[in-house]
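Residue numbers start from 1 in every chain, and the chains themselves are labelled A, B, ... in the order their sequence lines are given, proteins ahead of strands. All values derive from a computational prediction rather than experimental measurement.
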2 protein chains.
Amino acid sequence: MQRDTVQRRAIRKVFKDLGRPLSPAEILQTARAQVPNLGIATVYRSVKGLTEEGWLVPIDVPGEAQRYELSGKDHHHHFSCRQCGRIFDFDGCPKDLAKLVPQGFLMEDHEVFLYGRCADCRKDR
Amino acid sequence: MQRDTVQRRAIRKVFKDLGRPLSPAEILQTARAQVPNLGIATVYRSVKGLTEEGWLVPIDVPGEAQRYELSGKDHHHHFSCRQCGRIFDFDGCPKDLAKLVPQGFLMEDHEVFLYGRCADCRKDR
DNA sequence: CGCTTAATGATAACGTATTTTCGATATGGC
DNA sequence: GCCATATCGAAAATACGTTATCATTAAGCG
């Protein structure tokens, strides 16, 4: 049975409030505002459960720890801020990917990552 | 002092022969054709040295172990074969990335990964 | 409210990639 | 060829993200 606990409610709220891909460490840090002594094990357990039930989807970012985001979004890719380390969504994707595929290869999927400064970090200095 | 050993020569040869990004495990496996009892520690030490001297560059592939490839290539991105697990280079990149950047964000860099079947694996079955 | 048991938190254990240790070996200058 | 020492290989140690353990807590049904 799945119980509706304060910990899981807090974790779901974090995803709905922040609306960007989060790592377990980010989830822990943010959700502790609601549940001060939340444990990392509970974060992993909840994320696993929420992923299995299709509420979250895993996101692989090159060279970084696994992140998760809300499922059901339109096709999109990710922007990584080099200053604050946060990952943001952006809509759309390049239209001319097919012509890049090497001769004889079959493209089934694609990923695009942009790197730079987010709007917040650009202001700072 | 940097010595020119049979192990380092074999590792350099592997990169020149295969011409694609390699993980330490792939390097070890391939270079053992030349140096049968090559150790993984030597692979890591050599890769570190070759990276520091700019002969190799590290490549982060989402969800996979660190890989390295020869430096000095023209701008390119990577294709990952889901069947054999090998990574291949492909030239060129999408032209319309700039319009995807969120309002207020600064794009400094980009990465594109294509996934599918390489020419070899497509033939197999 | 009382009870069953799923869920929690702290911590140990784990898996995997990478680095260090150390005695043995081989490179390269003389 | 000889020697100093950088490099090697094997294995232990480390780093770090994730999972398992277990005693305790609390969700939620009757």
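- Atom C1' of nucleotide D:dT19 and atom CD of A:Glu52 are separated by 13 Å, given to the nearest angstrom.
- Between B:Phe88 and A:Phe105, the ring centre distance stays below 6.0 Å.
- Heavy-atom contacts from other residues, nucleotides or ligands closer than 6.0 Å to NZ of A:Lys73 number more than 12.
- The separation between A:Gln34 atom CD and C:dG9 atom P is 14 Å, rounded to whole Å.
- The CD-C1' distance, from B:Gln2 to D:dC8, rounds to 14 Å in whole Å.
- Note on B:Gln7: every side-chain N or O is 4.0 Å or more away from OP1 and OP2 of C:dT27.
- By the 4.5 Å heavy-atom criterion applied to side chains, B:Arg67 and B:Ile87 are counted as neighbours.
- Between B:Thr5 and B:Lys48, the residue whose closest nucleotide on DNA chain C is further toward the 5' end is B:Lys48.
- Atom OH in A:Tyr44 sits about 17 Å away from atom C1' in C:dT8, given to the nearest Å.
- Atom CD1 in B:Ile11 sits about 12 Å away from atom C1' in D:dT7, given to the nearest Å.
- Regarding B:Arg3, its CZ atom lies at a distance of 9 Å from the P atom of C:dG29, rounded to whole Å.
- Within the 4.5 Å cutoff, side-chain heavy atoms of B:Val112 are placed close to those of B:Pro94.
- As a whole-Å value, the separation of A:Gln66 CD from D:dG17 P is 12 Å.
- To the nearest angstrom, C1' of D:dT25 lies 15 Å from CG of A:Leu38.
- Nearest-nucleotide positions on DNA chain C for B:Asp4 and B:Ile40 put B:Ile40 closer to the 5' end.
- Here B:Ala65 lies out of heavy-atom contact (under 4.0 Å) with every strand.
- Applying the 3.5 Å distance criterion, the base of D:dG9 shares a donor-acceptor pair with the side chain of B:Arg45.
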